[in-house]
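Single-structure report; data block below.
Throughout, protein chains are lettered first and strands after them, A, B, ... in sequence-line order, and every chain is numbered starting at 1.
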Amino acid sequence: MNYWLFKSEPSCFSIDDLRARNKQISCWDGVRNYQVRNMLRDEIKIGDKAFFYHSSCTPPGVAGIVEVVKNGYPDHTAWDLQSDHFDPGSTPENPRWYMVDVKLVKKFPHFVSLDEIRRQSHLKKMLILRKGNRLSITPVTKEEWQVITEMGK
DNA sequence: GCCAACGTTGGC
DNA sequence: GCCAACGTTGGC
């Protein structure tokens, strides 16, 4: 079982939006980066857990935990003309983009801000802290997982 | 295959 | 709104 960090802008899709969903399950759609696509298609599996990270907001940080409940499958928003993520290069016959389904495990009682993460010596190597990191999904080590989970209590 | 121009991300 | 950093695009 692997650990991940999933970024989302809360103005677009927040942890409370997920909580409001039927069964607190949602597809994680809209990824349009090949490296992250490969993770969604090949590496991220049912039972994996991920931090739900709020980006481009004040403050940014980890809002809670989700669990993967469906393995990678084609992201149909890519062939939806109405979607912001429409991509004419992707078709049902030859899908270019993938997504997984996630289910809310918990919203942290204590939101773990980026600032707190930065100040924690055990978290210095997190990819989220690397300048210029452009991946909306990044792997998380077991130690990082445990530290942040503890901070969220 | 190079690389300049452009677009996007995301913290501040 | 700024801007650094990176990915993508497209002409050559």
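Within the model, atoms NZ of A:Lys23 and CG of A:Asp101 stand 11.0 Å from one another, a figure rounded to the nearest 0.5 Å.
Counting only heavy atoms from C-beta on, A:Ser55 has its side chain closest to B:dG11 among B:dG11, C:dG7, C:dT8. Closest approach to the A:Leu114 side chain among B:dT9, C:dA4, B:dG11 is made by B:dG11 (side chain taken as heavy atoms from C-beta onward). Comparing B:dT9, B:dG10, C:dA4 by their nearest atom to the side chain of A:Ser56 picks out B:dG10.
Spacing between atom CG of A:Asn133 and atom P of B:dG10 amounts to 8 Å, rounded to whole angstrom units. The CG atom of A:Asn33 sits 10 Å away from the C1' atom of C:dT8 (whole-angstrom rounding). In this structure, CG of A:Leu5 is placed 11 Å from P of B:dG10, rounded to the nearest angstrom. Look at CD on A:Glu116: it is 15 Å from P on B:dG11, rounded to the nearest Å. Between the P atom of C:dG7 and the CD atom of A:Gln35 lies a distance of 7 Å, rounded to the nearest Å. Remark: C1' of C:dA4 and CZ of A:Arg130 are 14 Å apart, rounded to the nearest angstrom. For the pair A:Asp84 CG and B:dT8 C1', the interatomic distance rounds to 14 Å; values are reported in whole Å. We find that CD of A:Glu9 is positioned 8 Å from C1' of B:dT9, with the value rounded to whole Å.
Under 4.0 angstrom from either OP1 or OP2 of B:dG11 there lies at least one side-chain N or O belonging to A:Tyr53. Phosphate contact (OP1/OP2 of B:dC12, side-chain N/O of A:Arg118, threshold under 4.0 Å): present. A close approach under 4.0 Å does occur between a side-chain nitrogen or oxygen of A:Lys7 and OP1 or OP2 of B:dG10.
Transitive grouping of hydrophobic side chains (ILVMFWY, heavy atoms separated by less than 4.5 Å) keeps A:Met1 and A:Met39 in distinct clusters. Note on A:Ile128 and A:Val31: separate hydrophobic clusters, where clusters join Ile, Leu, Val, Met, Phe, Trp and Tyr whose side-chain heavy atoms are under 4.5 Å apart, directly or indirectly.
Taking the centre of each ring, A:Tyr34 and A:Trp97 come in below the 6.0 Å mark.
Taking the centre and axis of the six-membered ring of A:Phe108, the NZ or CZ atom of A:Lys106 falls outside the cone set by 45° and 6.0 Å.
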